[in-house]
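Just the heavy atoms: all of them, side chains too, but no hydrogens, waters or symmetry mates, feed the values below.
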Amino acid sequence: MLYSRYFIPTIKETPSDAEVISHQLMLRAGMIRKLASGIYNYLPLGLRSIRKFESIVREEMNKADAIEMLMPSVQPAELWQESGRWAFYGKELLRFKDRKDAEFCMGPTHEEVITDMVRREIKSYRQMPLNFYQIQTKFRDEIRPRFGLMRGREFIMKDAYSFDVDSSAADLSYEKMFNAYMRIFERCGLNFRAVEADTGSIGGSSSHEFMVLADSGEDAIVSCDACRYAANVEKAESSLFTAVCGTVAEPLQKVSTPEMKTIAEVAAFLNVTADKTIKTLVYASDAGDLVMALLRGDHELNELKLKNYLGWDEIQMASEEQILACTGSPVGFLGPIGLKQDVPVIADRVIQGMTNVVLGANEKDQHYINANRGRDFEVSGFVDIRAVEAGDACPRCQSGKLEMWRGIEVGHVFKLGTKYSKALNATYLDANGREQVIFMGCYGIGIGRTVAAAIEQNHDENGIIFPVPIAPFHCSVVAVNTKDAGVMAAAEEIYFCLEKLGVEVLFDDRDERPGVKFKDNDLIGIPLRIVVGSKGLAEGKVELKIRSTGEVLPLLLDDVATTVKQLIDAALAHKL
RNA sequence: CGGUGAGUAGCGCAGCCUGGUAGCGCACCUGCCUUGGGAGCAGGGGGUCGCUGGUUCGAUUCCAGUCUCACCGACCA
């Protein structure tokens with residue numbers, strides 16, 4: 001490809017509305033341009049990287065026996081009403097009507113469509129297992145799109161759906177996809193973790209997220225430094241069960257704690273450590289139901305764990321009025337003793353062993369000391385509702401410690417069970433001629449997001465440093481002075497040789513000063529660069545610069561093409 | 001939807017407080033010069049100041065409304 005005939009509109013200055021590095025660099029490198037909030041044009045260079053990643057995904061999906069197809073992005077409302085998600089999905093689902101007033105939506109995901117196809121076509125256990133995938137544009141009307149391709153409203157996604165005769169066969173399909181995902185992200189040279197995850201609005205029994213580690217990631221994850229356990233903090237189990245307080249029950253006593261509202265203030269005032277106190281939180285559902293949550297004073301609540309335990313759709317901290325009605329006390333002095341309303345009291349498991357604790361007296365400026373469960377208050381259940389912290393013991397192996405990371409969710413695999421097949425009545429006849437419900441799994445990869453995540457993880461002050469497998473070009477050839485006929489002839493020669501060898505090469509033949517070309521080539525992140533200048537040429541030499549290390553190798557004119565070819569092949573093979 | 005901030009040339013911004021018909025850097029066009037890290041000189045083109053209404057002799061500037069965008073919270077590939 002000739003640079004002068006191609007289209008790479010680079011930008012020298014950082015656009016002011018781009019917050020994260022991948023967004024800034026994709027704009028500056030001329031890979032994407034914004035059309036509307038969360039909606040982007042993929043310019044030629046950006047599309048090349050995306051296509052590269054797509055073909056890696058295709059290869060691995062095909063290898064894992066998934067079959068490619070393509071579904072429409074416009075979907076009829078009836079299917080969504082049938083699955084129950086038309087009402088449940090909310091405003092994120094972009095809905096509209098056609099000229100006949102029939103309702104449609106832009107597909108945010110395709111469980112309904114694929115299940116509808118399968119229920120029409122699959123009749124027998126003999127036809128399974130089956131796994132269909134597509135690479136297609138999705139639309140989710142996100143409330144707050146941000147970070148460029150990282151969270152767009154319109155985005156390219158690979159989604160796959162598996163269909164099996166029973167749960168254990170579905171587990172096998174899940175495992176195949178899981179392994180394919182591992183290979184996909186390994187091939188891209190990404191530093192990532194597969195973590196246990198919450199299933200969210202897709203539903204199902206269990207799931208794993210694939211997280212590219214990056215400080216700008218929107219998710220927090222933990223992983224064990226000794227075993228393979230890793231989880232989204234939303235999901236991560238707390239390993240703490242043990243109590244830390246004394247065992248002889250002292251008499252309950254109310255003490256004055258003027259203006260002492262936070263755990264830290266109360267603990268300091270009463271001269272105890274925070275782990276001898278109990279933190280009381282009140283949460284409300286959108287229906288107005290209340291629940292009281294108890295945690296050890298130095299612990300934090302994981303709202304999602306509480307929400308999942310309660311089975312609520314929404315959870316939020318109760319309002320001051322709700323709290324006053326329930327406890328008779330302002331925030332800061334809450335506790336489970338002497339409640340005005342009968343609300344369930346959910347205690348973290350750690351509470352079970354605590355004795356002689358400090359907690360709020362449900363009265364302004366008053367706390368209890370030496371409170372004991374059973375004698376002074378009761379709880380309706382002990383549940384793991386605590387947010388894990390870095391340094392916690394691993395809940396699996398117990399010998400390891402949990403490390404905490406930020407991550408970008410690039411892939412997510414779900415065991416759906418029969419959630420959609422039941423709702424849409426997707427059944428088959430088993431060997432005994434009995435009707436059975438199909439077991440499903442679904443598997444997503446954010447295509448654009450993965451490319452963005454790769455940039456997030458591979459860049460320096462000069463721009464992008466693409467991993468070879470998803471680089472838009474493998475190599476660039478820079479002619480230092482285009483007016484020098486010798487330089488141009490040599491550069492052209494190298495360009496043709498590389499093309500002949502199947503190397504994807506960008507020939508920077510522009511009549512620009514060398515500095516401009518170097519800056520642009522660095523910015524767009526081409527892994528290898530050959531510089532052809534008159535000085536080196538006089539000795540029959542050119543330079544090969546490696547973008548990732550900055551290493552510069554002087555090479556003889558005759559050796560360049562084969563050396564580059566070898567380096568590229570090695571880089572691609574290394575990831576397989 | 002709630003909270004914050006911003007809309008002035010393709011991009012990044014100033015001007016607005018104190019109203020008088022718009023400016024800087026980069027980019028773009030022409031010419032000269034230059035060719036190993038975003039050069040230099042000279043000349044030039046481009047803006048209904050987001051939109052609507054109000055106040056005023058006069059509004060980019062003041063007021064009201066509205067739209068869009070970004071950032072902070074719940075969703076998610």
Side-chain angles (χ1 to χ4, degrees), chain A residues 9-20 23 27-28 30 33-39 53 57 88-93 108-110 135-160 181 197-202 207 209-212 218-219 232 234 286 303-304 307 313-317 408-414 442-453 462-463 478-484 487 510-523 529 531-537 542-543 545 552:
Chain A
T10 58
I11 302 171
K12 215 189 282 189
E13 288 173 273
T14 302
S16 61
D17 57 355
E19 199 70 11
V20 297
H23 187 196
L27 288 168
R28 289 192 53 210
R33 288 290 185 266
K34 185 172 72 179
L35 179 65
S37 178
I39 300 178
F53 181 56
V57 170
F88 183 72
Y89 217 97
K91 288 187 185 159
E92 211 173 301
L93 191 62
T109 175
H110 283 67
I135 295 176
Q136 190 244 22
T137 297
K138 300 281 184 277
F139 195 95
R140 295 182 187 172
D141 198 0
E142 297 273 351
I143 293 169
R144 192 150 91 79
R146 61 182 141 173
F147 301 158
L149 259 39
M150 208 75 96
R151 180 184 295 277
R153 293 195 290 172
E154 183 177 294
F155 59 99
I156 303 171
M157 176 169 154
K158 187 284 302 178
D159 45 330
Y181 275 40
D198 188 70
T199 53
S201 67
I202 304 284
S207 78
E209 290 167 334
F210 290 77
M211 294 281 191
V212 170
E218 296 185 85
D219 291 276
N232 193 308
E234 291 179 342
D286 46 0
E303 286 186 13
L304 195 67
K307 180 182 124 174
D313 287 344
E314 289 298 331
I315 193 164
Q316 63 219 357
M317 293 197 82
I408 300 165
E409 183 191 353
V410 291
H412 202 158
V413 292
F414 298 84
C442 76
Y443 317 92
I445 291 179
I447 300 289
R449 184 184 279 186
T450 304
V451 172
N462 292 317
V478 175
V480 171
N481 183 351
T482 52
K483 296 276 188 333
D484 184 322
V487 166
R510 293 174 300 167
D511 182 21
E512 289 284 355
R513 298 173 56 82
V516 174
K517 298 194 199 185
F518 293 149
K519 288 286 185 193
D520 275 341
N521 277 272
D522 282 347
L523 178 61
R529 177 167 87 212
V531 181
V532 185
S534 49
K535 289 174 202 161
L537 213 52
V542 296
E543 275 172 20
K545 182 159 184 177
V552 176

Let me see the working for A:Arg449 and A:Glu409 under side chain to side chain contact (heavy atoms under 4.5 Å, CB included), right down to the final yes or no. CA-CA 8 Å; A:Arg449 184 184 279 186; A:Glu409 183 191 353; 3.9 Å; yes
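- Straight-line distance between the P atoms of B:G65 and B:A9: roughly 25 Å, to the nearest whole Å.
- A:Gly411 comes within contact range of the sugar-phosphate backbone alone, with a heavy-atom separation under 4.0 Å but no base atom that close.
- Legend: residues meeting salt bridge (Lys or Arg N to Asp or Glu O under 4.0 Å) with A:Asp141, ordered by chain and number and at least two apart, are A:Arg153.
- B:C41 and B:C67 are spaced 45 Å apart, taking the C1' atom of each and rounding to whole Å.
- Position along RNA chain B of the nearest nucleotide to A:Arg510 versus A:Thr450 favours A:Arg510 as the more 5'-ward residue.
- Across all strands shown, B:G12 forms a Watson-Crick or G-U wobble pair with B:C24, both key distances being under 3.5 Å.
- Summarising the geometry, the separation between CD on A:Glu303 and C1' on B:A74 is reported as 9 Å, rounded to the nearest angstrom.
- A:Leu27 and A:Ala18 get closest at one heavy-atom pair: CD1-CB, 3.9 Å.
- Taking a pair to require two hydrogen-bonding distances under 3.5 Å in either a Watson-Crick or a G-U wobble arrangement, B:C71 pairs with B:G3.
- Nearest heavy-atom pair, A:Phe53 versus A:Gly446, reported as atom, atom and distance to 0.1 Å: CE2-O, 4.3 Å.
- Distance noted for atom P between B:U60 and B:U48: 12 Å (whole Å).
- When each of B:U35, B:C75, B:C76 is scored by its nearest atom to the side-chain atoms of A:Asp219, the top-ranked nucleotide is B:C76.
- Applying the side-chain contact (heavy atoms from CB on, under 4.5 Å) test to A:Thr14 and every residue at least two apart in sequence or in another chain returns A:Gln24, A:Arg28.
- As rounded to whole Å, 7 Å separates atom C1' of B:G38 from atom NZ of A:Lys519.
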At a cut-off of 3.5 Å, list every protein nitrogen or oxygen paired with a nitrogen or oxygen from nucleotides 28-34 of chain B, distance to 0.1 Å.
from, atom 1, to, atom 2, distance (Å)
B:U34, O2', A:Arg513, NH1, 3.3
B:U34, O2, A:Arg513, NH1, 3.0

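- Closest heavy-atom contact between A:Ala479 and A:Lys517: O-NZ, 2.7 Å.
- Residues satisfying the side-chain hydrogen bond (donor to acceptor under 3.5 Å, both in side chains) criterion with A:Lys138, sequence neighbours excluded, are A:His110, A:Gln136, A:Asp159.
- Residues passing the side-chain hydrogen bond (donor to acceptor under 3.5 Å, both in side chains) test with A:Glu543, sequence neighbours excluded: none.
- On a pure distance criterion of 3.5 Å, no polar donor-acceptor pair joins the side chain of A:Asn462 and the base of B:G37.
- With a 3.5 Å ceiling on both atom-pair distances, the Watson-Crick or G-U wobble partner of B:C41 is B:G31.
- Within the 4.0 angstrom heavy-atom criterion, base atoms lie near A:Glu543.
- Using a 4.0 Å heavy-atom criterion, one finds that A:Val478 contacts no nucleic acid atom at all.
- Taking atom C1' on both nucleotides, B:A22 is separated from B:U61 by 11 Å, rounded to a whole Å.
- Among the heavy atoms of the strands lying under 4.0 Å from A:Gly152 is at least one base atom, whether or not backbone atoms are also near.
- At a threshold of 4.0 angstrom between heavy atoms, the contacts of A:Ile445 are confined to the sugar-phosphate backbone, with no base atom among them.
- If you take CE of A:Met317 and C1' of B:A74, they are 14 Å apart, rounded to a whole angstrom.
- The distance between atom CG of A:Asp198 and atom C1' of B:C76, rounded to the nearest whole Å, is 11 Å.
- Each of A:Glu218 and A:Leu523 lies near RNA chain B, and the nucleotide nearest A:Leu523 is the one positioned closer to the 5' end.
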For nucleotides 68-71 of chain B, list the nitrogen or oxygen atoms of the protein found under 3.5 Å from its nitrogen or oxygen atoms, one pair per line.
from, atom 1, to, atom 2, distance (Å)
B:C69, OP1, A:Ser37, N, 3.4
B:C69, O3', A:Lys34, NZ, 3.0
B:A70, OP2, A:Ser37, OG, 3.1

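- The same atom, P, is picked in B:U8 and in B:G50; the two are 6 Å apart, to the nearest Å.
- Contacts of A:Asp522 with the nucleic acid, taken as non-hydrogen atoms under 4.0 Å apart, include base atoms.
- The nearest whole Å value for the distance from the CZ atom in A:Arg140 to the C1' atom in B:A74 is 16 Å.
- A straight line from CZ of A:Phe518 to P of B:G36 spans 8 Å, rounded to a whole angstrom.
- At a threshold of 4.0 angstrom between heavy atoms, the contacts of A:Val480 include nucleobase atoms, whether or not backbone atoms are also involved.
- Within the 4.0 angstrom heavy-atom criterion, base atoms lie near A:Gly446.
- B:U52: Watson-Crick or G-U partner is B:A64, with both key distances under 3.5 Å.
- The side-chain hydrogen bond (donor to acceptor under 3.5 Å, both in side chains) test applied to A:Lys158 returns A:Tyr181, not counting sequence neighbours.
- Evaluation of the side-chain hydrogen bond (donor to acceptor under 3.5 Å, both in side chains) rule for A:Arg151 yields A:Glu142, A:Glu218 as partners, not counting sequence neighbours.
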Under the side chain to side chain contact (heavy atoms under 4.5 Å, CB included) rule, what do A:Val57 and A:Ile447 come out as? Steps first, then yes or no, please. CA-CA 9 Å; A:Val57 170; A:Ile447 300 289; 4.2 Å; yes
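- B:C62 and B:G73 have their P atoms separated by 32 Å, given to the nearest Å.
- With sequence neighbours left out, A:Lys34 forms a salt bridge (Lys or Arg N to Asp or Glu O under 4.0 Å) with A:Asp17.
- Comparing the C1' positions of B:C57 and B:A42 gives a spacing of 43 Å, expressed to the nearest Å.
- Here the side chain of A:Thr10 pairs no donor or acceptor atom with the backbone of A:Asp520 at under 3.5 angstrom.
- Nucleotides B:A39 and B:U52 are separated by 41 Å at their P atoms, to the nearest Å.
- A donor-acceptor contact under 3.5 angstrom links the side-chain atoms of A:Lys545 to the base of B:G37.
- Rounded to whole Å, the distance from CG on A:Asn521 to C1' on B:G37 is 12 Å.
- Looking at A:Asp520, its side chain comes within 3.5 Å of the base of B:G38 through a donor and an acceptor atom.
- At whole-Å resolution of the value, NZ in A:Lys91 and P in B:A74 are 17 Å apart.
- Taking only distance into account, the side chain of A:Arg151 meets the base of B:C76 through a donor-acceptor pair shorter than 3.5 Å.
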